[in-house]
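Everything below concerns the one structure shown next.
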Amino acid sequence: MAAYDHEAIERHWQERWEADGLYRSTVDWEKPKHYALTMLPYPSGDLHMGHWYAMTPSDARARVMRMKGYNVLFPMGFDAFGLPAENAAVQRNVHPAKWTYENIDRMRHQLRSMGAMFDWEREAVSCEPSYYRWTEWFFKRMFERGIAYRGEAMVNWSPTLQTVLANEQVIDGRDERNGQPVVQKLMEQWFFAITKYADELLSYEGIDWPDAIKAMQNNWIGRSEGAEVTFRTEAGDEIVVFTTRPDTLWGATFMVLAPEHPLVDSITSSDRREVVDAYRVAAAARSELERMEDTKEKSGVFTGGYAVNPVNRERVPVWIADYVLLSYGTGAIMAVPAHDQRDFEFARQFELPIIPVIRPQGAAPPAEPEMEVAYVGPGEMVNSGPIDGIETTNAKGRANPSIAATIDWLEKAGAGREAINYRLRDWLISRQRYWGSPIPMLHRDDGNVEPVADEDLPVVLPEDVEFEGRSPLVTNEQFLAAVDSEGMPARRETDTMDTFMCSSWYWFRYLSPAFEQAPFDPDEAAYWLPVDVYTGGAEHAVMHLLYARFFVKAMRDMGVFEDTERVMREHGRDPSGLFDEPFVVLRNQGQILGEERAGDRLVVDGHRADELVVASSIRVDPAAGPEAGLVVGELIRRTENALQVQTEGGLVAVRVTEGATIDIPAIDGTNDVTQLKHHLDIERMSKSKGNTVNPDELVALYGADTVRTHLMFAFEWQKGGPWDSRGIVGSSRFIEDVWKLATSGYQPGTVSEEASSTLRRRVHQAIVKVDADMMDFKWNTAVAALMTLRNEMQDALRAANISPHVWVEARETLLKLLAPIAPHITEELWHATGYATSIHLEPWPEADANIAREDTVTMVVQVNGKVRDRIEVDAGISPKDAEATALASEKIAAWTEGNTVRKVIARPPKLVNIVVG
RNA sequence: GCCGGGGUGGCGAAAUUGGCAGACGCGAUGGACUCAAAAUCCAUUGGACCUUGGUCCGUGCGGGUUCAAGUCCCGCCCCCGGCACCA
């Protein structure tokens, strides 16, 4: 018997499958189709454990479906535009395209080593002009339908670099590269009107998605019913507020505007100007997340201005506070401190009046100044003029009598109207960057914008560019210069698109990546669409998955699927409802998290340049005191050559120049900046966090089959967890054992009928369990069931008392059930047994329920809920017999003696509980 | 802060959804084989107590419902993911 040589076997079969085109998927209307899709990776450089964890179970699932008789499409590609490529360009002087394509080459190679059944003929790469031509085309269609429009949004603005920074480039309100402050600034940009689809996105009809994902999307969309009410400043300007509780308008005692609200300037009185301006500057330095984070301590300032409450002509002071966000609602709120906890706390802190307008059922109205919390329950309206005495409930919107009455009153009085507000904001797709799909728009001399003509698509990114921080598109005259539809000079749009745009339609491009007449070939689409199973990380629960749903709905409404529908009808397939949602079944895996690690303690010398320290030398010294150098502390984060060091005085940004000396005593030879270890929390693996685990070494050591098996065995797939490489030997032993079992050349001794039928029963039980678990994405218990079968077969092999045909059935079933998880070794052993065709073309094993059934069961007998005996009983035992059997037990008698049996609960055949007392 | 998920042996985890807590593995301990080591095989392995057999305790913490709670309810603590320019 030859030893198991994983390296030779895996190489051989990967080459053979490729040569045979085993995984090529072609349209075949005679067979049922299955489109399996797993989220495409960003080409960050190396494939890490997280990719394997996400992809190999998806591959295994696709393989099971194939063995079940489906024609399976399982493609792969790269989401290739994005920020890391530009970081590399800015700081290492590598062109983003070069960096990206080199990474893709490496990752393609690594992906092949997984032994997955990807159909590489269908690969799509989003940064190729043949791909982004259609991303641009979709933008144009969106523009034509009024979905793409220009509007204003806040950006992280670096005044020193005169550029926009991504959220992850801002640490502690400062640019991570140069330590300079970052401010929030309004800028004109492109949006998609996803809010037009808000209501449709709240419905999940016809799709099987996890409840948690649906809940998160619902919360993200955040539909709320209420009213828009118009207040007027004393100067006569309108302030529109949205409120879900218009019925409490009579209790509104002040207003709060977002600090960026356009009316702040005009409403602020001269004596308050200085305070207000200072507050606005401070607010601009904080991100929305930071503003929402610390809500215990309210901050805000009075503008000195007043507005008039339209329901009672009361004069109310107007404040600004950063807990009111310009991007939510109208950026202004009316404050009813008596019945809203946040307003209540604000009022208490700044000593503003509180007027209760709801009397709780059968109680006196809350009295001032004794109130301790806002009253948010039901009751009856008081102090509220025309709606006095009307009941108020916990219902939302018009379903609440008091709200319905108020809306009617407001509409009649012309002071407001019923309104629905969404937390969901329109999708900001502009990025002030180079490495993204260009937005195919022209700015005409007359100030209008117009789209680039279809025949001029794609607008191609210029290759000859320099990177300093700002997008090179802004200064590239050759790129900028264009001619509009009337032959007049025009300038190109320099914003590029959010990469979520590229990943919102990629599974259509997989259908026909070389197709030139449209984004996808209708002949392919008619057969394969929609995606049957989509798998990917739960971190995409809201944004990517919501954008993808929006995109398909918009495509449907733009008529993009008309040809596809025609082809479907020609083949007798009914297209209705097939283009409302992109993914029929969605399952999320958890994440493989990186292990925790402390960062190196650095001693940095050099010189200060503004907020930044430019390093001339860096030494790693775990014992260094705080005075050992210019900057001393733990390395928290590193992006290329920009370091964040945690010193006693706070975070310090350090830039490592080319000539700087790096000294890491633990690593011999010349050290460089990439060898510095930065702090790692237990958190998701990603290249930018530097906590990835590379599977290549493990593949070299144990083989891809073992790595695949281990990833599926060691975690609950939907949950994930921190990576720990120790347990892999268990999976390795399992794979080795399968090799030994299948190559043992079983020779029976004295055959036992009982032992034979027991093994046969175990084999069929394994089929039931493995099949159910795999269909349900429970990979760890599927592998455990296969290991149990392995144990049974080892015992049988040793006893040599199994009839030969039972042994053969056991061996072949084990190989087939394992084939989706460990495709190479099972293929090798299948052929070694004498079969000439691939195991991956074999039909999936089917269990015989009669063979799988157990005749006897261990029945547990409890006394007062505690297990006191176990009795072997017939599996079909009646409740009466079960009870009698339990009461007849001697062990039970010892516990019931001297006590009255009050009750017997029989749940045959598993359990009987006797209650005594 | 808001939304979602989670917390079970020394470790990764199971538990047919209210019915034997710890399947399947890792690690550890003892033994076999070996000159020896590795590999392999056998046994034990949640904790405490006593006599072999058993008793009591045990699923983040505190309460509750139930014949029966890891599972359901109420209140708390901690960890992870997302929060709109990382993808």
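Sequence lines set the chain letters: A, B, ... in the order given, protein chains first and strands last, and positions in each chain run from 1.
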On RNA chain B, compare the nucleotides closest to Ile914(A) and Ile213(A); which residue's is nearer the 5' end? Ile213(A)
Ranking Arg798(A) and Gly730(A) by the position along RNA chain B of their nearest nucleotide, the one closer to 5' is Gly730(A)
What's [X] touching, base or sugar-phosphate or nothing? Going by heavy atoms closer than 4.0 Å.
X         : answer
Ser327(A) : nothing
Trp895(A) : sugar-phosphate
Arg870(A) : base
Asn791(A) : sugar-phosphate
Val170(A) : nothing
Ala212(A) : sugar-phosphate
Leu83(A)  : sugar-phosphate
Lys214(A) : nothing
Gly720(A) : sugar-phosphate
Trp220(A) : base
Gln862(A) : base
Val542(A) : nothing
Gln718(A) : nothing
Gln217(A) : nothing

From the options [options], select the nucleotide whose nearest atom is closest to the side chain of [X].
X         : options                : answer
Thr781(A) : A14(B), C86(B), G81(B) : A14(B)
Met216(A) : A84(B), G19(B), G81(B) : G81(B)
Ile905(A) : G19(B), A87(B), C86(B) : G19(B)
Leu424(A) : C3(B), A84(B), A87(B)  : A84(B)
Phe715(A) : C86(B), G54(B), A13(B) : A13(B)

Calculate the interatomic distance between [X] atom [atom1] and [N] atom [atom2]; express it in whole Å.
X         : N      : atom1 : atom2 : value
Trp435(A) : A87(B) : CH2   : P     : 13 Å
Lys719(A) : U8(B)  : NZ    : P     : 7 Å
Ile171(A) : C86(B) : CD1   : P     : 11 Å
Phe734(A) : A13(B) : CZ    : P     : 19 Å
Leu545(A) : G81(B) : CG    : P     : 18 Å
His710(A) : C11(B) : NE2   : C1'   : 11 Å
Gln794(A) : C41(B) : CD    : P     : 7 Å
Glu716(A) : C79(B) : CD    : P     : 21 Å

Main-chain N/O of [Y] paired with [X] side-chain donor or acceptor, under 3.5 Å:
X         : Y         : value
Asp776(A) : Ala772(A) : no
Glu493(A) : Asp495(A) : yes
Glu883(A) : Val904(A) : no

If you measure from the [atom1] atom in [N] to the same atom in [M], how many Å do you get, rounded?
N      : M      : atom1 : answer
G60(B) : G70(B) : P     : 10 Å
G30(B) : C56(B) : C1'   : 28 Å
A15(B) : U71(B) : C1'   : 10 Å
A13(B) : G6(B)  : P     : 13 Å
G25(B) : A32(B) : C1'   : 23 Å
C79(B) : C67(B) : P     : 38 Å
U29(B) : C77(B) : P     : 41 Å
C76(B) : G4(B)  : P     : 16 Å

For [N], does either OP1 or OP2 sit under 4.0 Å from a side-chain N or O belonging to [X]?
X         : N      : result
Asn780(A) : A14(B) : yes
Arg868(A) : U55(B) : yes
Lys910(A) : G19(B) : no
Arg733(A) : U40(B) : yes

With no hydrogens and no angle check, do the side chains of Arg762(A) and Asn791(A) hold a donor and an acceptor under 3.5 Å apart?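 Looking only at side-chain atoms, Asn791(A) and Arg762(A) do not form any donor-acceptor pair under 3.5 Å.
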Thr38(A)-Thr535(A) side chain donor-acceptor pair, cut-off 3.5 Å: yes
Residue set satisfying side chain to side chain donor-acceptor pair (under 3.5 Å) with Glu897(A), at least two apart, ordered chain then number -> none
Which ranges of RNA chain B pair up as stems, where a stem means three or more consecutive Watson-Crick or G-U pairs with both distances under 3.5 Å? B:1-7 with B:77-83, B:10-12 with B:24-26, B:27-32 with B:40-45, B:46-50 with B:53-57, B:60-64 with B:72-76
Within the 6.0 Å centroid threshold, strictly below: [X] and [Y]:
X         : Y         : answer
Phe715(A) : Tyr53(A)  : yes
Phe713(A) : Phe734(A) : no
Tyr323(A) : Phe346(A) : yes

U55(B): syn or anti, per glycosidic angle within 90° of 0: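 Here the answer is anti: the torsion falls beyond 90° from 0.
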Classify the glycosidic conformation of G9(B) as syn or anti, calling it syn when the angle lies within 90° of 0.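 Here the answer is syn: the torsion falls within 90° of 0.
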Under the ring-ring contact (aromatic ring centres under 6.0 Å, His included) rule, collect the residues that match up with Tyr506(A), sequence neighbours excluded.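 Once residues adjacent in sequence are excluded, the partners of Tyr506(A) under the ring-ring contact (aromatic ring centres under 6.0 Å, His included) criterion are Tyr510(A).
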State which residue, out of Phe500(A), Tyr197(A), Trp505(A), fulfils the ring pair (Phe, Tyr, Trp, His ring centres under 6.0 Å) condition with Tyr547(A).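 Looking at Phe500(A), Tyr197(A), Trp505(A), the match for Tyr547(A) under the ring pair (Phe, Tyr, Trp, His ring centres under 6.0 Å) is Phe500(A).
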Give a yes/no verdict on a cation-pi contact between Arg423(A) and Trp220(A), requiring under 6.0 Å between NZ or CZ and the six-membered ring centre and an angle within 45° of the axis.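 Checked: cation-pi criterion met.
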Under 3.5 Å, is there any donor-acceptor pair linking the side chain of Asn219(A) to the base of C3(B)?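 Such a pair does not exist between side chain and base.
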Less than 3.5 Å between a donor and an acceptor, one on the side chain of Lys866(A) and one on the base of U55(B), is that the case here?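 Looking at the base of U55(B), it does not pair with any donor or acceptor on the side chain of Lys866(A) (distance under 3.5 Å).
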